[in-house]
Q: 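Can you keep this structure in mind? I'll have questions shortly.
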Number of protein chains: 2
Amino acid sequence: MSPQRRFKDSAYEQLARIGKSLAAPKRVELLDLLAQGPRTVEALAELSALSVANTSQHLKVLREASLVSREKQGLYGVYRLADAQVSRFVGTLRRLAHARLPELAEVTHAYFETRDTIDPVDGPELLRRVRRGEVTVLDVRPHDEYLHEHIPGARSIPLDELRARLGELSECQEIVAYCRGPYCVMAADAVTLLRKRGFVAHRIDEGVSDWRARGWRVTQGAESA
Amino acid sequence: MSPQRRFKDSAYEQLARIGKSLAAPKRVELLDLLAQGPRTVEALAELSALSVANTSQHLKVLREASLVSREKQGLYGVYRLADAQVSRFVGTLRRLAHARLPELAEVTHAYFETRDTIDPVDGPELLRRVRRGEVTVLDVRPHDEYLHEHIPGARSIPLDELRARLGELSECQEIVAYCRGPYCVMAADAVTLLRKRGFVAHRIDEGVSDWRARGWRVTQGAESA
DNA sequence: CAAGTATTCAATTGATTACTTAAATAGTCC
DNA sequence: GGACTATTTAAGTAATCAATTGAATACTTG
């Protein structure tokens, strides 16, 4: 075998390491979850409906492909995406899949069809409308994910607190809800609830990492008044 | 199992179809080759050092993931990338792998180390220098790949004709050679040969699809004088 | 140091995968 | 129609993979 061939084989073998990481549906889901912020193994197992041991194994694969990193914090191992480039890459994968695989469009359409339609997001325009007081942007993810990173000016009301905290929302303002991304159903559930209670509510189907990937600013930590 | 869970599972299963396509090194190589232009199965088998039957099977996988399309031309089946988005995606994969996997950088460095260093490309600047007559951009790929798509103003001299056609090149001009991409060695071989003959020669390690992905213009067909 | 907890590891299972060889299709050209 | 060609399919094999189970590791807290 020629040295050239050997070189090519080893180069493409490296590329395929990343490919292999994305070859298992659950691993892609784990990457999507980690795009919301750092998580322990147990939390990831819970969120992805995997056993803890199995989650640990998938994370090992991702770690060996350098897509995630682990930080030992005492008893816990906290995993996070190795790099913002990784979440951008997963976004690229998702857009390619949506463009090329009609089945994916069908699946998402079938699930959300009866509930709402989503409009393409224009970030700067949305922020202007927030500043003018026309719109409330609502982050319905768990609060810690909001703290990790959120759309500027968004309010945090986790989905499971929404019913109890409806009073905090003004009925005069349109509400735009978002959650983890297009395969997360929390924002859609929120919109359903809000509409039932008389609000004008819409959904953004993109998550914070998509927002960031579009080059729009995100806020970390709490909202400074 | 909840309908939510079922939805997520089927959505991520679709994403993983693309992932699985990239899980075999040879399939990534095939995509890279197809980024140079349409190819028959036999040609791809030759270029990727696979058996014809095996190549056909890999192509079937890629076709089922909608990454490539096939057009039957009489006796031949001609494969091509389904979409420019696909080659952009492979480029993204490559950049991610280079950023995250030190092994890949090592492998490429080890192979090219003794031969040349590559400078980052500034397309517009390169084209200006071509227009001023300071530089010749040399496309050393097979002529049909040049015809499919090439860097504007580039001259086509396939690597295996280069030795015989050195007379066509002016010794007063710097030569910048390119080929299929960073894992293709033709440009490096060309530079080695040219330097031995007294030329000032450099290499671009990106291919035409990377050039296009950067938003720079490419030329299809022959160069119009 | 003992009990408890979060995570990883090891061994096993059944399923999938890449590749080979050989046969089957489907088209071309005399 | 028969020989030839390019490609696909089928069958078989060895290797790899995802998931399960149960044990092992490593850290914390009393």
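Chain letters run A, B, ... following the sequence lines, proteins first and then strands; every chain starts at 1. Given the structure is predicted, the values throughout are model-derived calculations rather than measurements.
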Q: Can you check whether A/Arg70 has a side-chain N or O nearer than 4.0 Å to OP1 or OP2 of C/dT7?
A: no

Q: On the nucleotide C/dC19, are OP1 or OP2 found under 4.0 Å from the side-chain N or O atoms that B/His58 carries?
A: yes

Q: Could you state the CG-C1' distance from A/Leu59 to D/dC17, rounded to the nearest angstrom?
A: 16 Å

Q: In terms of the angle between their ring planes, are A/His98 and A/Tyr183 parallel, tilted or perpendicular, with boundaries placed at 30° and 60°?
A: parallel

Q: Do B/Asp210 and B/Arg94 have side chains that get closer than 4.5 Å, going by heavy atoms?
A: yes

Q: Provide, to the nearest angstrom, the distance between the CD atom belonging to A/Glu46 and the P atom belonging to C/dA6.
A: 13 Å

Q: Of all the choices, D/dT21, C/dC19, C/dT20, which nucleotide is nearest to the side chain of B/Ser51 once you look at every atom?
A: C/dT20

Q: To the nearest angstrom, how far is B/Glu42 atom CD from D/dC4 atom P?
A: 17 Å

Q: Indicate whether OP1 or OP2 belonging to D/dA6 is found under 4.0 Å from a side-chain N or O atom of B/Tyr79.
A: no

Q: Among D/dT5, C/dA18, C/dT21, which is the nearest nucleotide to the side chain of B/Leu75?
A: D/dT5

Q: Across the strands shown, which category fits A/Arg27 at heavy-atom distances under 4.0 angstrom: base, sugar-phosphate, nothing?
A: sugar-phosphate

Q: Of A/Gln57 and A/Tyr76, whose closest DNA chain C nucleotide lies nearer the 5' terminus?
A: A/Tyr76

Q: Between A/Glu71 (CD) and C/dA6 (C1'), how many Å, whole number?
A: 15 Å

Q: Could you give the CG-to-C1' distance, from B/Leu30 to C/dA18, as a whole number of Å?
A: 13 Å

Q: Please examine the side chains of A/Arg141 and A/His150, heavy atoms only from C-beta on, and report whether any two atoms are closer than 4.5 Å.
A: yes

Q: Of the options C/dT8, D/dA19, C/dA18, whose atoms approach the side-chain atoms of A/Ala53 most closely?
A: C/dT8

Q: So B/Thr55, base contact, sugar-phosphate only, or nothing? Heavy-atom distance under 4.0 Å.
A: nothing

Q: Ring-plane angle category for A/Phe89 and B/Phe89, please: parallel below 30°, perpendicular beyond 60°, tilted otherwise.
A: parallel

Q: Atom CG of A/Leu50 to atom C1' of D/dT21: distance rounded to whole Å?
A: 16 Å

Q: Report the distance from atom CD of B/Gln73 to atom P of D/dT8, rounded to the nearest whole Å.
A: 13 Å

Q: Could you give the NZ-to-C1' distance, from B/Lys20 to D/dC17, as a whole number of Å?
A: 10 Å

Q: Taking the side chain as everything from C-beta on, heavy atoms only, tell me whether B/Arg155 gets closer than 4.5 Å to B/Leu169.
A: yes

Q: Look at the side chain of A/Asn54 and decide which nucleotide, out of C/dT7, D/dA19, C/dA18, has an atom nearest to it.
A: D/dA19

